[in-house]
Protein chains: 2
Amino acid sequence: MNARTRAHGSRPTLHDVAREAQVSARTVSRVLNDEPRISAPTRERVLQAVARLGYRRNAMARNMRVGARDSAVGLVIPDLANPFFSVVAAAVERTLRTRGLYVVIASSEEDPARERAVVTDMLGRQVAALVVVPSGDDHAYLRLERRRGLPVVFLDRPPNRLAADAFVSANTDGAHQAVTHLLAHGHRRIGFIGDRPTTLYTRRERFRGYRSALAQAGIAVDPALVDRGHHENDAAEATVRLLSAVDPPTAVFAANNLACMGAMMALARARRRDVALVGFDDFTLADVFDPGITVVAQDPHGLGTAAAERVFARLDGDRGRARTTVLATRLIVRGSGEISAS
Amino acid sequence: MNARTRAHGSRPTLHDVAREAQVSARTVSRVLNDEPRISAPTRERVLQAVARLGYRRNAMARNMRVGARDSAVGLVIPDLANPFFSVVAAAVERTLRTRGLYVVIASSEEDPARERAVVTDMLGRQVAALVVVPSGDDHAYLRLERRRGLPVVFLDRPPNRLAADAFVSANTDGAHQAVTHLLAHGHRRIGFIGDRPTTLYTRRERFRGYRSALAQAGIAVDPALVDRGHHENDAAEATVRLLSAVDPPTAVFAANNLACMGAMMALARARRRDVALVGFDDFTLADVFDPGITVVAQDPHGLGTAAAERVFARLDGDRGRARTTVLATRLIVRGSGEISAS
DNA sequence: TAGAAGCATGTCAACGTTGACACACGTTGA
DNA sequence: TCAACGTGTGTCAACGTTGACATGCTTCTA
């Protein structure tokens, strides 16, 4: 069987090219790596053989031989279809690509066990680094890898039981600002719609901001005004529940993007234009609504970019202490948050 | 240097574990692969050594030895941050994960050269399959790989100069339906806002539907009503241009999701509630606007899922002819498309 | 004109893993 | 009693590539 008639599915190797070009495999390797001291005719013959056979260097074998890790970075994210995370992922990918790094993506679907499974798998794949939006509550199992020099960067939420780099939004501040804004417009009963697992880091932090803003106005949290729902529909139902309570809220703080969309749906369906709304996380078209939706904007692109850049720094040998960086949020006033209490 | 004090950055190998457990590397390998005929005490010692050293099997080396390809599928996509593509990507990832396959993502940014570069790179990485939303106009270079049995599936747009599986939306039909809908509401001057590179497959197909629907009504395409803009802002500017023309359109067909958002922005800013609008591709909150946005919905989730399933079929040995599958679109009537011509 | 120097190429082993095969023990059965 | 068998383990080579080193040939120089 000559090299040109290899079995289905197999691909030519250096040796096949070597045979075809009548040189040694080492010489082919040199040509492919642009090493010096190759005569022009030899180079030519090798390149022609490469073209004839459709040869492609096996990066797996190469990386193994040269002791390199994979040229991919593992990215573990709860849900790629969520616009917040997809923008984060796009930013991570875009930044890593400037250095020739690829991204291996896996969704954890907010399942700690799944998260750990995919992370473990990625470690076995020899990824060059790990970027994680964590769902789990114990990342101690990554301690050894980190000590061995693997860059591990957490995004949107910090790690637990592990010192590692992290980039998060100013959740508490942002929420505080949002609720203070509503208070300034005369609201005293402000609903809170947050994530379903109330233990989720972002939900906890944002709730803290909600509570502290209320406290500053001398208002205690009324559990009847706190509801949950991660998906739009859950959040819409939660909004309906809140509004149909005995003493309903005059304003709603939706603590994440989907919650905000759900609240918008519910308010639109109920034609309640008198209820103020401030969302956490900006989204496309927020300004096209009437009234425009007032939000606390995060910087998903900045989060992703910063995480990728920290990966670069760590790959470049930065062995400094792990740092958690907080990215500022920004209140964008558009109308829905400025509806006054009736 | 014993195994526990290896240099920074290096990770223990089978041999390190073997030394630690006082057995041969082959035995460690057997334990890790759950091969039969390992005595209980040996297995125990090996597992303890593995735990002590924090050993993890090197998947790269393993795949090489067993001749397997990488357990990742390459996904090449124009822009992960575009909600249409992010949903597609999420569906691909979700489906592939059911079989333990990972996704390596690379953005092509609608650049054919970049697309080709990342595809070539992925082939070198020994990806198990390739899923591509193509921007290039020549995929002949993939012919050999396909012949060697590599599953290559195109998404959203078909390949050029290559027979390969593809999953696309019913672009022409959908556009035809959208424009016919507007015609039915009395519009005779209907604007078209599509992608910037007018050669883009989806833009061409949708334009065909636009033209044929007009033709059916005995109307010729008026170039003054055709504009472009891929990003929201471009599309918004295009909309403004159209509306300020001498004989402006009374309705707009926005041939992609960003174009539609741009048109919405422009109409909202100009407070033009008399202009009908139908968009191509559905989006969150489309029904929350007043009026709701009438769209031709695609099925991004279905596209991604179907592509991943075709990958499975091909991996399972399906050597049938390459097929292009067209997924139906669906007109969703919400109000903006039912504004009558004045 | 011999020895040094440089160029072009080749040989061998190794990266970390596992398939193929070998072997040293029991145990079993005629 | 010993051949046949089963069990647990080890040895070796190979996957496709490249680093280290070797070798043969040309060219230059004293």
Side-chain angles (χ1 to χ4, degrees), chain A residues 3 6-7 9-47 49-50 53-71 121 123-127 148, chain B residues 3 6-7 9-47 49-50 53-71 121 123-127 148:
Chain A
R6 300 172 63 98
S10 79
R11 297 170 61 172
T13 71
L14 264 188
H15 290 91
D16 298 317
V17 178
R19 204 174 314 121
E20 180 84 7
Q22 318 226 53
V23 295
S24 74
R26 192 64 187 82
T27 297
V28 178
S29 170
R30 280 195 262 257
V31 171
L32 267 70
N33 290 304
D34 269 322
E35 290 180 34
R37 285 187 215 160
I38 297 290
S39 71
T42 302
R43 146 170 280 115
E44 194 48 38
R45 250 181 325 138
V46 168
L47 291 179
V50 164
L53 300 184
Y55 169 80
R56 244 181 261 284
R57 184 166 59 194
N58 184 327
M60 227 156 67
R62 172 172 221 277
N63 284 339
M64 208 185 94
R65 173 64 241 240
V66 304
R69 306 191 62 91
D70 191 1
S71 64
D121 227 72
L123 293 172
R125 297 174 54 88
Q126 313 293 107
V127 289
R148 286 187 184 134
Chain B
R6 300 173 61 100
S10 79
R11 297 169 60 172
T13 71
L14 265 188
H15 291 91
D16 298 318
V17 178
R19 204 175 313 121
E20 181 85 7
Q22 317 225 54
V23 294
S24 75
R26 192 64 187 81
T27 298
V28 177
S29 170
R30 280 195 262 259
V31 171
L32 268 77
N33 291 302
D34 269 323
E35 290 181 34
R37 284 184 216 164
I38 298 289
S39 72
T42 302
R43 144 169 282 114
E44 195 47 40
R45 251 183 323 139
V46 168
L47 292 179
V50 164
L53 299 184
Y55 168 80
R56 244 182 263 283
R57 183 165 61 194
N58 184 326
M60 227 156 66
R62 173 173 220 276
N63 285 338
M64 207 185 92
R65 173 65 243 239
V66 305
R69 305 191 63 90
D70 190 2
S71 64
D121 227 72
L123 293 172
R125 298 172 54 87
Q126 312 294 108
V127 289
R148 285 185 185 137

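Below, chains carry the letters A, B, ... as their sequence lines are ordered, and counting in each starts from 1.
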Which nucleotide wins on minimum distance to the side chain of [X], given the candidates [options]?
| X | options | value |
| --- | --- | --- |
| B:Leu14 | D:dT17, C:dT18, D:dT9 | C:dT18 |
| A:Val23 | C:dG10, D:dT17, D:dT9 | C:dG10 |
| B:Arg37 | D:dT7, D:dG19, C:dT11 | D:dT7 |

> Heavy-atom distance under 4.5 Å between the side chains of B:Arg57 and B:Asn33, does that happen here?
Replying inline: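 Contact flag for B:Arg57/B:Asn33 side chains = yes.
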Side-chain N or O of [X] closer than 4.0 Å to phosphate OP1/OP2 of [N]:
| X | N | value |
| --- | --- | --- |
| B:Ser29 | C:dT18 | yes |
| B:Ser39 | D:dT9 | yes |
| A:Asn33 | D:dT18 | yes |
| B:Thr27 | D:dT9 | no |
| A:Ser24 | C:dG10 | yes |
| B:Thr42 | D:dT9 | yes |

> Whom does C:dT28 pair with, Watson-Crick or G-U wobble, provided both distances fall under 3.5 Å?
Replying inline: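 D:dA3 - that is the nucleotide pairing with C:dT28, both distances being under 3.5 Å.
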Between [X] ([atom1]) and [N] ([atom2]), how many Å, whole number?
| X | N | atom1 | atom2 | value |
| --- | --- | --- | --- | --- |
| A:His15 | C:dG10 | NE2 | P | 12 Å |
| B:Ile38 | D:dT7 | CD1 | C1' | 11 Å |
| B:Gln126 | D:dT17 | CD | C1' | 12 Å |
| A:Arg45 | C:dA8 | CZ | P | 14 Å |
| B:Asp70 | C:dT17 | CG | C1' | 16 Å |
| B:Arg11 | C:dG16 | CZ | C1' | 12 Å |
| A:Met60 | D:dT18 | CE | P | 14 Å |
| B:Arg19 | D:dG10 | CZ | C1' | 17 Å |

> Under 4.0 angstrom, heavy atoms only, what part of the nucleic acid is A:Arg62 near: base, sugar-phosphate, or nothing?
Replying inline: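 Contact class for A:Arg62: sugar-phosphate only.
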> When all nucleic acid strands are considered with a 4.0 Å heavy-atom cut-off, which category describes A:Asn63: base, sugar-phosphate, or nothing?
Replying inline: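 No contact.
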> Between the side-chain atoms of B:Arg30 and the base atoms of D:dG10, is any donor-acceptor pair under 3.5 Å?
Replying inline: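 It does, because a donor-acceptor pair links the side chain of B:Arg30 to the base of D:dG10 below 3.5 Å.
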>> Check this for me, if you would: do B:Asp34 and B:Arg43 make a salt bridge, where the nitrogen-to-carboxylate-oxygen distance has to be below 4.0 angstrom?
In response: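 The answer is yes: the pair qualifies as a salt bridge.
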>> We want to know whether A:Asn58 and A:Arg65 form a side-chain donor-acceptor pair, criterion being a heavy-atom distance below 3.5 angstrom.
In response: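 No.
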> Do you see a donor-acceptor pair shorter than 3.5 Å between the side chains of A:Arg125 and B:Ser71?
Replying inline: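 A donor-acceptor contact under 3.5 Å links the two side chains.
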>> Has A:Arg69 got a side-chain atom pairing as donor or acceptor with A:Val127's backbone, closer than 3.5 angstrom?
In response: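 Checked: pair present.
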> Which comes earlier along DNA chain D counting from the 5' end, the contact point of B:Met64 or that of B:Arg26, where each point is its nearest nucleotide?
Replying inline: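 Its nearest nucleotide being more 5', the pick is B:Arg26.
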> Looking only at heavy atoms, what is the nearest atom pair of A:Gly54 and A:Pro12, with distance?
Replying inline: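 Closest approach of A:Gly54 to A:Pro12: O-CG, 4.1 Å.
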